[in-house]
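Just so you know, these numbers use all the heavy atoms, side chains as well, and skip hydrogens, waters and symmetry mates. Each residue takes its place number in the sequence, starting with 1.
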Amino acid sequence: MYKYNSENPWGRLIFLHGIGNGHIPYLMWFAEKFSKMGLETYFLIHPYHKERAKPNWKGGEPFYHHSPAHCVVRFHQAVKDVRRTIDLIEEIENKLPIGIMGFSFGGMIATISMALDKRIKAGVLSFTGADWRWINWYSPYLEPVREGYKKYSNEWGCKDETKCVKLREESFNKLNELKNINEIFSLKPGCFHYDPISYAKFVDQPVLFFKGMFDKIMPKNASNNLYNKLQHARKVTIPSGHKSSYFFRRVIARKSLHFFKNTLNKKL
């Protein structure tokens with residue numbers, strides 16, 4: 001975790017990057033920007049990235065897998081890292097309010113983290129989504145997962161999109177009926193246990209949601225489905241794709257800072 005100090009902080013932020021090492025340096029621009037404006041930022045490196053990965057990895061390879069039993073452990077390890085970071089902040093810092101911001105995969109982990117840990121008072125979810133049906137079968141980055149389904153299937157017998165839809169239909173229709181987070185782990189198949197769509201209704205904190213108008217990496221159905229399940233979210237549409245959103249970084253940073261000032265300061 002990289003800490004970006006502020007002289008007179010009014011809030012603290014945990015920042016979560018997406019999968020892959022390549023974009024980490026340019027996302028650190030946000031941490032530098034925010035810290036200069038009084039939002040002290042903790043840039044968390046996910047498991048299996050940079051120094052936390054094998055030298056020849058591009059970053060995050062173990063997250064790409066066709067088996068829910070494999071993925072649920074790794075996704076929840078990333079969530080656990082967020083919660084342990086909050087423990088660390090509370091141990092060594094004063095009691096300023098804590099927000100979270102995640103890009104792409106980082107937005108998924110941020111969603112689950114907000115549902116599980118109410119010490120997080122507000123969140124910005126950027127160019128992210130949920131509902132594995134749309135991500136696994138339509139995102140160009142998930143080709144390794146589709147190959148795994150085709151070659152090996154998995155413990156639930158999922159080998160193509162048709163089977164995926166059939167397996168997920170009953171539990172997907174039950175999502176609005178869930179009364180507590182523990183009930184998520186009774187849903188079948190096991191991909192619901194680490195799908196942000198299962199946790200979204202339990203996010204009662206204010207959320208600012210950035211969506212890319214031309215985002216192909218995060219399918220629009222995945223993005224819309226997550227946004228529609230959140231209780232208190234406001235959407236900002238950016239005229240960009242997934243990676244080209246960086247050209248709008250100043251707009252994203254300005255709107256995010258304004259959002260956090262309005263939400264975190266209410267918690268002081």
Side-chain angles (χ1 to χ4, degrees), residues 4 6 9-18 27 30-31 33-35 37-44 78-79 82-83 85-87 89-90 93-131 175-176 178-181 184 195-212 215 218 222-238 245 248-268:
Y4 291 77
S6 296
W10 46 263
R12 294 195 159 84
L13 178 70
I14 296 173
F15 195 103
L16 306 178
H17 62 84
L27 286 177
F30 286 95
K33 179 74 171 178
F34 292 154
S35 63
M37 301 300 291
L39 185 56
E40 196 156 82
T41 303
Y42 298 75
F43 194 104
L44 181 59
V79 174
V82 173
R83 302 185 73 184
T85 299
I86 298 173
D87 292 343
I89 293 171
E90 291 187 337
E93 307 287 359
N94 61 33
K95 295 296 183 179
L96 288 177
I98 296 172
I100 195 167
M101 182 170 181
F103 268 75
S104 194
F105 170 79
M108 298 177 184
I109 300 304
T111 300
I112 300 173
S113 299
M114 282 192 287
L116 288 167
D117 202 318
K118 299 308 174 182
R119 292 177 294 176
I120 303 171
K121 302 305 180 184
V124 174
L125 306 179
S126 307
F127 309 93
T128 189
D131 190 350
L175 290 177
N176 290 334
L178 297 176
K179 297 296 188 294
N180 61 71
I181 286 179
I184 291 172
D195 192 333
I197 203 72
S198 307
Y199 296 82
K201 72 165 290 183
F202 299 105
V203 176
D204 52 11
Q205 302 95 318
V207 171
L208 182 63
F209 192 95
F210 287 103
K211 175 182 170 63
D215 194 341
M218 186 59 63
S223 178
N224 291 339
N225 284 357
L226 177 56
Y227 174 75
N228 290 334
K229 292 286 185 186
L230 295 166
Q231 291 189 42
H232 306 294
R234 179 170 65 87
K235 184 190 293 185
V236 176
T237 301
I238 301 294
S245 64
F248 295 87
R249 63 191 180 278
R250 297 187 187 279
V251 174
I252 295 168
R254 184 174 66 251
K255 289 183 179 295
S256 298
L257 274 168
H258 180 75
F259 168 78
F260 282 124
K261 282 183 178 178
N262 287 338
T263 55
L264 296 185
N265 283 342
K266 292 179 181 178
K267 309 298 180 181
L268 292 173

**Request:** Begin from the C-alpha positions of K211 and F127 and carry the test side chain to side chain contact (heavy atoms under 4.5 Å, CB included) through to its verdict.
**Result:** CA-CA 5 Å; K211 175 182 170 63; F127 309 93; 6.0 Å; no
**Prompt:** Does the side chain to side chain contact (heavy atoms under 4.5 Å, CB included) test come out yes or no for I252 and S256, once each step is laid out?
**Reply:** CA-CA 6 Å; I252 295 168; S256 298; 4.0 Å; yes
**Request:** Take D87 and R119 through the salt bridge (charged side-chain N to carboxylate O under 4.0 Å, His left out) test and state the conclusion after the steps.
**Result:** CA-CA 10 Å; D87 292 343; R119 292 177 294 176; 2.7 Å; yes
**Item:** Derivation of the side chain to side chain contact (heavy atoms under 4.5 Å, CB included) call for I109 and T111
**Value:** CA-CA 5 Å; I109 300 304; T111 300; over 6 Å; no
**Asked** Where do L208 and F260 land on the side chain to side chain contact (heavy atoms under 4.5 Å, CB included) test, with the steps shown first?
**Response** CA-CA 9 Å; L208 182 63; F260 282 124; over 6 Å; no
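Looking only at side-chain heavy atoms (C-beta outward), V124 and K255 stay at 4.5 Å or farther from each other. Residues I197 and K229 are in side-chain contact: their nearest non-hydrogen atoms beyond the backbone lie under 4.5 Å apart. Looking only at side-chain heavy atoms (C-beta outward), F103 and L16 stay at 4.5 Å or farther from each other. Here the side chains of F105 and T128 are not in contact, with every heavy-atom distance at 4.5 Å or above. A 4.5 Å side-chain heavy-atom check between N180 and L178 finds every atom pair outside the cut-off.
In this structure, the side chain of D195 does not engage the main chain of S198 through any donor-acceptor pair within 3.5 Å. Side-chain N or O atoms of Q231 include one that pairs as donor or acceptor with a backbone N or O of K201 at under 3.5 Å. In this structure a side-chain-to-backbone donor-acceptor pair under 3.5 Å is present from Q205 to I120. Here the side chain of S35 pairs no donor or acceptor atom with the backbone of K33 at under 3.5 angstrom. A distance-only check finds a donor-acceptor pair linking the side chain of E40 to the backbone of S6 [under 3.5 Å]. Judged by distance alone, the side chain of D117 and the main-chain N or O of S113 form no donor-acceptor pair under 3.5 Å.
Here the CZ atom belonging to F210 is positioned 10.0 Å from the OG1 atom belonging to T237, to the nearest 0.5 angstrom. To the nearest 0.5 Å, atoms NZ (K95) and CZ (R12) are separated by 10.5 Å. From Y199, atom OH reaches atom CG of L230 across 14.5 Å, with rounding to the nearest 0.5 Å. Here the CZ-CG distance, from F34 to L257, works out to 5.0 Å after rounding to the nearest 0.5 Å. In this structure, CZ on R250 lies 10.0 Å from CZ on F30, to the nearest 0.5 angstrom.
Nearest heavy-atom pair across P196 and G129 is CG-O, 4.1 Å. The shortest non-hydrogen separation linking G11 to L264 is CA-CD1, 4.5 Å. Across S104 and G18, no two heavy atoms sit closer than the pair CB-CA, 4.4 Å. Residues D204 and H232 share a closest heavy-atom pair of O-CD2, 3.1 Å.
Heavy atoms from other residues, nucleotides or ligands lying under 6.0 Å from NE2 of H258 number 12 at most. Heavy atoms from other residues, nucleotides or ligands lying under 6.0 Å from NZ of K235 number more than 12. In the displayed structure, R234 atom CZ is contacted under 6.0 Å by at most 12 heavy atoms of other residues, nucleotides or ligands.
Aromatic rings from Y42 and Y4 are positioned such that their centres are separated by 6.0 Å or more.
When each of M101, M114, M108 is paired with L125, the side chain to side chain contact (heavy atoms under 4.5 Å, CB included) condition holds for M114 and for no other. When the options I100, I14, I98 are evaluated for a side chain to side chain contact (heavy atoms under 4.5 Å, CB included) with T85, the one that passes is I14.
F43 and F15 have parallel rings, their planes meeting at less than 30° on a 0 to 90° scale where 60° marks the start of perpendicular.
When the ring-ring contact (aromatic ring centres under 6.0 Å, His included) test is applied to F259, no partner is found at least two apart in sequence or on another chain.
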